[in-house]
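Right, I'll just put the structure down here and ask away after.
Just so it is clear, the values below take in all heavy atoms, side chains as well, and ignore hydrogens, waters and symmetry mates.
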Amino acid sequence: MKKLEVHKLRNIGIVAHGGAGKTSLAEAMLFNAKMTDRMGRVDNGSSTMDYEPEEIKRKITISSSLHHFDWEKHNVNIIDTPGDTNFSNDAKNSLYVADGAVVVIDAISGIKVQTERLWQYCDDFRLPRIIFINKMDRERASYSNLLDDINKILGKKAVITHIPIGAEESFRGLVDLMKMKALVYENDGSGKYTEEEIPEELSEEALNLRGKMIEDIAETSDKLLEKYLEGEGLSYEDIYQGLKEGTLDMKFVPVICGSALKNIGIQPLMDEIVHCLPSPLEKGDHKGKNFLTKAEDVRKPNEDEPFSALVFKTIADPYTGKLTLFRIYSGTLNSDSTAYNSSRKVKERIGQIFRIEGKSQKPIDSAGVGEIVAVAKLKDTSTGNSLCDENAPIIFEGVTPPPPIISFAIEPKTKGDEEKATISLNKLTEEDPTIRIHRDEHTKEIILSGMGQVHLEVILEKLKRKFGVEVGLKSPKVPYKETIRGKAKVQGKYKKQSGGRGQYGDAWLEVEPMPRGAGFEFADKIAGGVIPRQYIPAVEKGIIETMNEGVLAGCPVVDVKASLVFGSFHTVDSSEMAFKIAGSMAFKKATLEAGPVLLEPIMSMNIIVPDENMGDIIGDLNSRRGKVLGVEGAANSQIIRAHVPMAEVLTYAPDLSSMTGDRGTFTIEFSHYEEAPAHISEKVVTAAKKQ
């Protein structure tokens with residue numbers, strides 16, 4: 001395979017809300033570049049890019065997929081990213097290593113919440129982009145309305161480079177405003193078109209929009225602006241170069257339209273990708289941290305620089321092993337070599353290097369600056385890690401996974417599969433860092449957490465397909481705890497005589513509450529040897545074991561101080577076991593007498609909602625027994641900080657989505673425990689007694 005020229009390389013993320021046609025667009029590009037001999041379709045499962053069973057079943061992109069094509073003597077890597085909010089982190093990781101983006105907008109449904117979210121990611125990573133308005137052949141498709149929304153909602157100047165010929169079923173091509181030619185397509189999906197004169201009914205509109213386009217482009221440079229203001233006409237080369245410079249500088253976004261399914265308008269888009277979006281050289285240096293000093297360091301996109309790369313995706317497979325995908329920022333990597341994982345401080349053996357082509361991999365001997373490649377079976381490398389030359393180590397900052405927002409307890413369908421399920425789920429976390437799996441020490445349940453209901457359902461389907469483990473989901477038990485309000489002093493006396501040596505232990509305990517979160521404290525206040533020293537640890541052990549199951553609902557007891565103040569022993573019958581039982585008996589009696597109460601976990605939440613939804617959300621939080629701590633404004637939204645009982649927000653994610661039209665987001669984490677209200681406590685205690 002010939003070596004890629006860095007200045008002719010493009011790394012492009014394709015982003016949009018679910019159903020806008022990203023994957024269909026990728027398929028059309030591959031077909032037009034002759035990388036495939038047919039256009040794959042999402043709706044019938046023949047897509048080259050969406051190939052996992054879970055994607056075929058749901059007809060959505062779940063995991064970013066990669067491919068590449070040659071166009072106009074350039075090589076373009078395309079990353080088809082998920083549009084569903086459940087899988088946003090995968091899209092974010094992919095955009096982080098891209099140099100530019102194509103934002104696909106549905107001509108019918110327009111700019112949706114996820115479009116705005118993905119647009120913000122592009123802003124965060126300073127990605128120049130092109131907008132492709134798709135589905136112009138569909139009923140109710142509107143081009144002009146969307147142009148207004150781009151300026152208003154996305155806050156970016158739109159420079160129209162093409163306008164549609166025809167509408168809905170009669171859509172048949174584009175007017176190229178730079179060449180002032182009509183591109184009329186054959187209606188067979190072949191992508192073939194002829195250049196013709198602009199239809200008379202569109203000539204006036206085309207002239208007006210071309211004038212506006214030239215005005216916007218002229219403003220990108222003093223030289224062009226001077227030429228424009230002096231009345232000199234801008235040449236085609238001037239316009240074309242100005243379009244590139246304005247796009248790279250993010251002064252505006254070129255807008256083109258078409259139909260991915262009918263393969264109309266795709267080649268002009270591909271032309272703009274190679275002309276307007278940046279190469280790795282134009283994207284510039286990439287910042288990292290010096291491995292030793294932690295000071296800022298940079299890698300220039302140059303093959304003479306030391307090798308450096310960032311891992312942005314991992315694919316877990318039980319049969320072929322792990323596939324690690326990374327973007328090379330500097331230097332060259334050869335097959336059968338060694339790389340240094342500066343994040344983990346370990347060496348990794350690099351075997352065969354691959355270029356990804358949908359679900360297939362193409363082996364290559366080496367990879368250089370700007371390339372996105374994969375290596376199999378790296379032992380210690382995971383998503384977000386940096387790979388580099390051991391003699392010039394650098395660490396790049398990856399994308400931090402967002403905290404999960406929904407949790408369920410898992411139940412293996414087959415007895416004995418619990419451990420296998422945990423091991424397999426931990427392997428899937430290498431592929432998807434937004435998964436969390438842990439065992440709750442109080443409820444003894446295995447808790448699976450993720451970004452939404454669909455996310456967790458997909459994880460379980462992968463678990464069954466890849467590892468043969470089938471599990472179900474259920475609402476997790478709320479990890480209630482118990483404590484005491486008052487003080488008590490009681491005796492725990494264990495005496496047993498059944499022939500031969502008996503058992504005797506006698507312990508007096510004083511118990512009292514401690515501040516919330518203080519845990520447990522044991523105090524030895526024995527004086528005069530009324531209990532021999534060797535038996536005192538046994539009393540403490542008996543108390544600690546008893547604390548695991550409280551007297552109200554069998555929940556762990558916390559925030560209690562127990563003092564051993566008096567007791568007695570028998571020279572023959574006393575033993576550690578007897579004093580352990582005596583300590584347990586005393587603690588049970590003491591907690592009953594000291595006013596036991598139930599504690600519930602309180603979650604700290606930051607909820608970001610549109611301005612118009614703030615009142616509804618605060619009202620809903622109040623109905624969930626929440627306490628609003630404060631509200632602060634952000635761009636077109638409000639951030640609500642609140643404390644809410646865990647029991648009230650187990651299914652908050654779909655509820656918030658419903659209340660805000662999918663525009664609300666939130667983070668949630670454990671804050672502290674508080675005493676549960678009487679009616680809640682009564683319900684929990686009653687349920688525990690039934691069990």
Summary of side-chain hydrogen bond (donor to acceptor under 3.5 Å, both in side chains) pairs that have at least one residue in residues 530-539, sequence neighbours excluded: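 Residue pairs passing side-chain hydrogen bond (donor to acceptor under 3.5 Å, both in side chains), neighbours aside: D524-R533.
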Any residue meeting ring-ring contact (aromatic ring centres under 6.0 Å, His included) with F520, in chain and number order, not counting sequence neighbours: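 Counting only residues at least two positions away or on another chain, F520 forms no ring-ring contact (aromatic ring centres under 6.0 Å, His included).
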Counterpart residues, side-chain hydrogen bond (donor to acceptor under 3.5 Å, both in side chains), relative to S575 (two or more places apart):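 Partners of S575 under the side-chain hydrogen bond (donor to acceptor under 3.5 Å, both in side chains) test: Q503.
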Can I get a per-line list of side-chain donor-acceptor pairs under 3.5 Å for residues 561-570, giving both atom names and the distance, sequence neighbours left out?
from, atom 1, to, atom 2, distance (Å)
S568, OG, Y504, OH, 2.7
S568, OG, D506, OD2, 2.6
H570, ND1, V572, N, 3.0
H570, ND1, D573, N, 2.9

Listed partners of E54 passing side-chain hydrogen bond (donor to acceptor under 3.5 Å, both in side chains), at least two apart: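 Partners of E54 under the side-chain hydrogen bond (donor to acceptor under 3.5 Å, both in side chains) test: R465.
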With Y652 via ring-ring contact (aromatic ring centres under 6.0 Å, His included) - residues at least two apart: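 So Y652 forms a ring-ring contact (aromatic ring centres under 6.0 Å, His included) with F666.
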Counterpart residues, side-chain contact (heavy atoms from CB on, under 4.5 Å), relative to S65 (two or more places apart):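 Partners of S65 by the side-chain contact (heavy atoms from CB on, under 4.5 Å) criterion, ordered by chain and then number, come out as M49, Y51, D80.
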With sequence neighbours excluded, residues passing side-chain hydrogen bond (donor to acceptor under 3.5 Å, both in side chains) with E593: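 If we apply the side-chain hydrogen bond (donor to acceptor under 3.5 Å, both in side chains) test to E593, skipping adjacent residues, there are no hits.
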ring-ring contact (aromatic ring centres under 6.0 Å, His included) against F396, all qualifying residues, sequence neighbours excluded: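 Result, ring-ring contact (aromatic ring centres under 6.0 Å, His included) vs F396: H286, Y329.
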ring-ring contact (aromatic ring centres under 6.0 Å, His included) involving F522 - partner list, sequence neighbours excluded: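 Expected list: none.
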By side-chain contact (heavy atoms from CB on, under 4.5 Å) - contacts of E411 (at least two apart):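 For E411 the side-chain contact (heavy atoms from CB on, under 4.5 Å) partners, ignoring immediate neighbours, are K474.
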Non-neighbouring partners of D662 that pass side-chain hydrogen bond (donor to acceptor under 3.5 Å, both in side chains), sequence neighbours left out: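 For D662, the residues satisfying side-chain hydrogen bond (donor to acceptor under 3.5 Å, both in side chains) (neighbours in sequence not counted) are S657.
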